[in-house]
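Encoded as structure tokens, the structure appears first; notes follow it.
For reference, positions follow the sequence shown, starting with 1. All figures in this text were calculated on a predicted structure; none of them were measured in a lab.
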Amino acid sequence: MKKIIIIIAFAAFILGGCSKQTSSPTETTGTDITVTSSTSDAAVLAYEKEVKGLTELSLDDLKTKLAEPTAFLIYLGKPTCEYCQAFVPKLTASLKEQPQTVYYFDVTEADTNLEIKELLASLELEYVPAFLRISNSGKTIETFDKKNGELSAFLKS
């Protein structure tokens, strides 16, 4: 009788554990760009609302900007990246304090578009989010790193 109770309890434990499904972000890597995907529609919508305050660039627009000698700021990210979702509100809040033009390039198609892959490789990006100051016709690239300072200081420099 003890064996039957133990077997039933064990089976219930196993079956109960197998039916639990948790949704967690998945990390994918595509040619030097590591992105993390989140399945939260609300987070994606919030991200898209935040980036509307930035000036979005197409691939051709970005190539044109890179050829210009004028310095510019650009944020590269994607809506399903949880780190991007966390970074964008900080960026837009800083821009409210220090208004200036920041361009945005969505890297969603980086895994499937060779032209985007090559462009991102030329910028030496390994992951997103990436916030850059590009000058000297794309030859000088400064990357914001929160370990080395505040976002507001990067915007001022």
Tell me if a side-chain donor or acceptor on E56 pairs with a main-chain N or O of Y103 at a distance below 3.5 Å. no

Can you tell me if E142 has over 12 outside heavy atoms packed within less than 6.0 Å of its CD? yes

Kindly compute the distance separating NZ (K63) from CD (E68), expressed to the nearest 0.5 Å. 14.5 Å

How about S157 and R133: do any of their side-chain heavy atoms sit closer than 4.5 Å? yes

Can you tell me how far apart CD (E126) and OG1 (T143) are? Round to the nearest 0.5 Å. 9.5 Å

Neighbour count above 12 (heavy atom, 6.0 Å) for E124 CD: no

Which atoms form the tightest heavy-atom contact between K117 and T112, and what is the distance? CE-N, 4.3 Å

Here the gap from K49 atom NZ to L45 atom CG, rounded to the nearest 0.5 Å, amounts to 10.0 Å

Report whether L66 and Y104 are members of the same hydrophobic cluster (ILVMFWY, side-chain heavy atoms less than 4.5 Å apart, transitive linking). no

Under a 4.5 Å side-chain heavy-atom rule over Ile, Leu, Val, Met, Phe, Trp and Tyr, are L76 and V88 clustered together? no

Could you walk me through whether K146 and L151 satisfy the side-chain contact (heavy atoms from CB on, under 4.5 Å) test, starting with their C-alpha distance in whole Å, then the side-chain angles of each, then the deciding distance to 0.1 Å, before giving a yes or no? CA-CA 7 Å; K146 67 180 180 180; L151 189 53; over 6 Å; no

Let me confirm one number: the CD1-OG1 distance from I74 to T55, rounded to the nearest 0.5 Å. 10.0 Å

Would you say the side chain of V128 lies within less than 4.5 Å of the side chain of F87, judging by non-hydrogen atoms? no

Quick one: do F72 and L132 satisfy side-chain contact (heavy atoms from CB on, under 4.5 Å)? Show the steps, please. CA-CA 8 Å; F72 66 98; L132 312 172; over 6 Å; no

Is atom NZ of K90 surrounded by more than 12 heavy atoms (other residues, nucleotides or ligands) closer than 6.0 Å? no

Report the C-alpha distance between L73 and T101 in whole Å, list the side-chain angles of each, state the deciding distance to 0.1 Å, and finish with yes or no for side-chain contact (heavy atoms from CB on, under 4.5 Å). CA-CA 7 Å; L73 294 166; T101 301; over 6 Å; no

Answer whether the closest heavy-atom distance between the side chains of C84 and Y75 falls below 4.5 Å. yes

Would a 4.5 Å heavy-atom cut-off, applied to side chains only, mark Q85 and V44 as touching? yes

Hey, any chance L91 and F154 share a hydrophobic cluster, counting ILVMFWY side chains that come within less than 4.5 Å of each other, even indirectly? yes

Please answer: with hydrophobic residues joined when any side-chain heavy atoms are less than 4.5 Å apart, are L120 and I134 in the same cluster? yes

Whether N136 side chain and K139 backbone form a donor-acceptor pair below 3.5 Å: no

Group every Ile, Leu, Val, Met, Phe, Trp and Tyr by side-chain heavy-atom contacts under 4.5 Å, then state whether L155 and V51 land in the same group. yes

My understanding is that only one of D106, T64, L62 makes a side chain to side chain contact (heavy atoms under 4.5 Å, CB included) with L57; could you say which? L62

